[in-house]
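All of these numbers come straight from a predicted model, not from anything done at the bench.
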Amino acid sequence: MKTLNQLQLAKELIRFPSVTPVDAGIMKFLEKKLKRLGFKTKTLEFKERGFKPVKNLYARFGNKSPNFCYAGHLDVVPPGNIKDWTTNPFKPSVKKGHLIGRGANDMKSSIAAFVSAVSKFLSENKKFNGSISLLITGDEEGDAVNGTKKVVDFLRKKREKINFCLVGEPTNPNVLGEMIKIGRRGSLTGKLIVFGLQGHVAYPFRANNPSTIIVNILKELKEIQFDKGTKDFQPTNLEITRININNTADNVIPATAEATFNIRFNNKHSSNSLKKKLNKIFRKMTKKHKSKFKIEYRVSGEAFLTKPNKTTFMIQNIIRKITKLKPKLSTTGGTSDLRFIRTICPGLEFGLVGKTMHKVDEAVSLKDLKNLTKIYENILKNYFK
């Protein structure tokens with residue numbers, strides 16, 4: 001069996017302008033590569049009203065248990081101003097030992113590393129006791145509505161068993177081997193509207209200014225100390241991301257005021273417990289000011305922690321052997337698609353160094369790409385021992 005080179009494959013994947021949620025033919029390309037390796041594949045396109053359709057891919061080699069799954073995404077963020085790049089973001093180039101292109105870091109190179117690792121593993125292990133699968137989405141950088149979440153629902157309905165999942169997101173802050181993610185904080189976004197009574201600024205007693213009310217509410221929200229963090233998680237924090245008072249005249253007290261906030265919360269809370277806490281404040285403050293409010297919440301994920309097990313420690317040891325660093329087990333950062341996958345199996349995240357993700361001249365060190373491929377191959381060898 002011909003093995004696949006990780007650098008060549010990464011270049012081929014970067015050439016597809018798969019800016020979320022556009023597929024640009026990338027799933028079909030990867031599917032062909034996997035079929036040649038002997039994988040059985042299924043393209044899963046999901047649609048939902050109000051969102052663009054998204055193509056996803058689930059592929060499996062073998063039908064025995066255990067099933068080791070690798071998950072990731074082939075969609076990328078927009079490149080921004082192409083003139084700011086030293087090279088075309090979708091025409092990858094190698095400069096000073098780095099591969100440059102959109103997705104080189106987050107996370108087409110990681111997928112290339114895994115596919116290359118699988119091809120090398122299969123060339124040396126014709127028969128092994130288990131299965132290898134890939135769960136690839138085109139909706140991680142976007143709405144995450146028609147992506148991994150729906151693939152997981154599909155696998156659950158089909159009773160497809162995954163025993164462990166490795167998500168290849170960039171997890172290392174500065175150097176390959178620093179960090180494994182074993183959990184993530186939850187994310188809750190709230191859009192608050194406060195209704196007042198419009199009037200002339202010279203006669204405030206005839207009006208009820210919602211901007212005053214919303215400022216007082218936001219002040220109270222910022223003063224909440226949700227917790228002091230835990231052994232595994234940072235403290236919960238709330239950030240106000242938007243304040244909007246749609247008023248075109250300076251001599252008019254507005255009728256409404258809006259604000260948006262986001263809470264990143266640890267496993268001391270759930271989205272429901274936070275909603276109850278916040279709603280209590282909104283009711284109290286608007287009642288005090290004789291006004292009304294409307295709140296809309298969006299939960300992109302609950303806090304979760306994968307309790308380290310023998311697979312976690314095996315992966316940690318392999319990373320240490322290859323990088324000479326013992327990776328820290330961490331829960332820092334934003335969210336990832338592991339928040340959906342963890343509902344059907346345990347897993348963790350390990351990928352490249354995330355310094356340049358989403359930036360102009362996004363890049364990956366060729367040495368890191370080679371070592372990541374080696375790590376992924378050794379994980380398979382040890383997992384199926």
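How far NZ of Lys370 is from OG of Ser116: 11.0 Å, rounded to the nearest 0.5 Å. Expressed to the nearest 0.5 Å, how far NZ of Lys55 lies from CD1 of Ile26 amounts to 12.0 Å. For the atom pair CD1 of Ile100 and OG1 of Thr87, the computed distance is 6.5 Å after rounding to the nearest 0.5 Å. In this structure, CD1 on Ile263 lies 5.0 Å from CG on Leu274, to the nearest 0.5 angstrom. Atom CG of Asp368 sits about 7.0 Å away from atom NE2 of His98, to the nearest 0.5 Å. Between Phe39 atom CZ and Ser131 atom OG the span is 9.5 Å, to the nearest 0.5 Å.
Evaluated for a side-chain contact (heavy atoms from CB on, under 4.5 Å) with Lys181, the options Thr332, Asn172, Thr306 yield exactly one hit, Thr332.
A salt bridge links Glu223 and Lys219; the closest N-O separation between the charged side-chain nitrogens and carboxylate oxygens is under 4.0 Å. Comment: Glu296 does not engage Arg298 in a salt bridge, judged by the lack of any side-chain N to carboxylate O separation of less than 4.0 angstrom.
Under a 3.5 Å cut-off, the side chain of Ser18 and the backbone N or O of Asp75 do not form any donor-acceptor pair. Side-chain atoms of Lys290 do not come within 3.5 Å of backbone N or O of Asn208 as any donor-acceptor pair. Between the side chain of Glu302 and the backbone N or O of Ser271, at least one donor-acceptor pair lies under 3.5 Å. The closest donor-acceptor contact from the side chain of Arg102 to the backbone of Val77 lies under 3.5 Å. In this structure a side-chain-to-backbone donor-acceptor pair under 3.5 Å is missing from Arg185 to Phe233. Proximity of a side-chain donor or acceptor of Arg184 to a complementary backbone N or O of Gly334 within less than 3.5 Å is detected. Without hydrogens or angle criteria, Thr171 side chain to Gly351 main chain gives a donor-acceptor distance under 3.5 Å. Proximity of a side-chain donor or acceptor of Thr331 to a complementary backbone N or O of Asp232 within less than 3.5 Å is detected. For the pair Asn125 (side chain) and Lys127 (backbone), a donor-acceptor distance under 3.5 Å is absent.
Between Phe61 and Phe128, the two ring planes are parallel [angle under 30°; tilted spans 30° to 60°]. Taking the six-membered ring for Trp and thresholds of 30 and 60 degrees, Phe226 and His269 have ring planes more than 60 degrees apart, a perpendicular arrangement.
Atom NZ of Lys326 is surrounded by 12 or fewer heavy atoms from other residues, nucleotides or ligands within 6.0 Å.
Defined by atom type and a distance below 3.5 Å, a donor-acceptor pair is present between the side-chain atoms of Asp361 and Thr86. In this structure, a donor-acceptor pair under 3.5 Å is absent between the side chains of Glu169 and Ser110. There is no side-chain donor-acceptor pair under 3.5 Å between Lys120 and Thr373. Inspection of the Thr137 and Asp139 side chains reveals no N or O donor paired with an N or O acceptor under 3.5 Å. Between the side chains of Glu31 and Thr41, at least one donor N or O lies within less than 3.5 Å of an accepting N or O.
Judged as a side chain to side chain donor-acceptor pair (under 3.5 Å), and not counting sequence neighbours, Thr241 has no contacts. Among residues two or more places apart in sequence or in another chain, the side chain to side chain donor-acceptor pair (under 3.5 Å) test is passed with Thr312 by Asn309.
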Could you go through residues 160-168 and list every donor-acceptor pair under 3.5 Å that involves a side-chain atom there, pairing it with any protein atom two or more places apart or in another chain?
from   : atom 1 : to    : atom 2 : distance (Å)
Glu160 : OE2    : Tyr58 : OH     : 2.7
Glu160 : OE2    : Arg60 : NH1    : 2.6
Asn163 : OD1    : Asn67 : N      : 2.7

Distance-only donor-acceptor pairs under 3.5 Å for side chains of residues 144-154, two or more places apart:
from   : atom 1 : to     : atom 2 : distance (Å)
Asn146 : OD1    : Lys150 : NZ     : 2.8
Asn146 : ND2    : Lys52  : O      : 3.1
Thr148 : OG1    : Asp337 : OD2    : 2.6
Lys150 : NZ     : Glu48  : OE1    : 2.7
Asp153 : OD1    : Arg156 : NH1    : 3.1

Identify each donor-acceptor pair in which a side-chain atom of residues 378-385 lies under 3.5 Å from a protein atom, sequence neighbours left out, and give them as a table.
from   : atom 1 : to     : atom 2 : distance (Å)
Asn378 : ND2    : Lys374 : O      : 2.8
Asn382 : ND2    : Asn378 : O      : 2.8

>> Could you walk me through whether Glu140 and Met107 satisfy the side chain to side chain contact (heavy atoms under 4.5 Å, CB included) test, starting with their C-alpha distance in whole Å, then the side-chain angles of each, then the deciding distance to 0.1 Å, before giving a yes or no?
In response: CA-CA 10 Å; Glu140 196 274 345; Met107 57 169 281; over 6 Å; no
> Under the side-chain hydrogen bond (donor to acceptor under 3.5 Å, both in side chains) criterion, do His73 and Asp106 qualify, and how do the steps go?
Replying inline: CA-CA 8 Å; His73 63 92; Asp106 185 16; 3.1 Å; yes
> How far apart are the C-alpha atoms of Leu221 and Phe282, what are their side-chain angles, what is the distance that settles it, and do they pass the side chain to side chain contact (heavy atoms under 4.5 Å, CB included) test?
Replying inline: CA-CA 10 Å; Leu221 293 188; Phe282 302 148; 4.1 Å; yes
>> Run Thr286 and Lys292 through side chain to side chain contact (heavy atoms under 4.5 Å, CB included) and show every step you take.
In response: CA-CA 6 Å; Thr286 51; Lys292 291 183 178 179; 5.8 Å; no
>> Determine whether Ser211 and Asn209 satisfy the following criterion, side-chain hydrogen bond (donor to acceptor under 3.5 Å, both in side chains), listing intermediate values before the conclusion.
In response: CA-CA 6 Å; Ser211 59; Asn209 197 333; 2.5 Å; yes
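Looking at heavy atoms from C-beta onward, Thr323 lies in side-chain contact with Ile375 at the 4.5 angstrom threshold. Taking 4.5 Å as the limit, some side-chain heavy atom of Lys108 sits within range of a side-chain heavy atom of Val76. Side-chain atoms of Leu13 and Phe29, non-hydrogen and from C-beta on, do get closer than 4.5 Å to each other. Taking the side chain as every heavy atom from C-beta outward, Leu329 and Ile182 approach each other to under 4.5 Å. The shortest distance between side-chain heavy atoms of Val353 and Ser365 does not fall below 4.5 Å. With contacts defined as side-chain heavy-atom distances shorter than 4.5 Å, the pair Gln6/Leu372 does not qualify. Side-chain contact between Val215 and Thr212 is absent, with no heavy atoms from C-beta onward closer than 4.5 Å. Side-chain contact check for Met285 versus Val194: every heavy-atom pair is 4.5 Å or farther apart.
Using a 4.5 Å cut-off between side-chain heavy atoms of Ile, Leu, Val, Met, Phe, Trp and Tyr, with links allowed through other members, Ile315 and Leu176 fall into the same hydrophobic cluster. Residues Leu4 and Met27 share a single hydrophobic cluster, defined by chaining ILVMFWY side chains whose heavy atoms lie under 4.5 Å apart. Tyr70 and Val364 fall within a single hydrophobic cluster, where Ile, Leu, Val, Met, Phe, Trp and Tyr side chains are chained together by heavy-atom contacts under 4.5 Å. Hydrophobic clustering (side-chain heavy atoms under 4.5 Å, transitive across Ile, Leu, Val, Met, Phe, Trp, Tyr) groups Tyr297 together with Phe265. Residues Ile245 and Val252 do not share a hydrophobic cluster, clusters being chains of Ile/Leu/Val/Met/Phe/Trp/Tyr side chains in contact below 4.5 Å.
Taking every heavy atom of both residues into account, Pro327 and Leu325 meet most closely at CD-O, 3.2 Å. Between Ser109 and Leu352, the shortest heavy-atom distance links the atoms CB-CD1, 3.8 Å.
Pairs of residues two or more places apart, or lying in two chains, that qualify as side-chain hydrogen bond (donor to acceptor under 3.5 Å, both in side chains) and include a residue from residues 189-202 are Thr189-Asn262.
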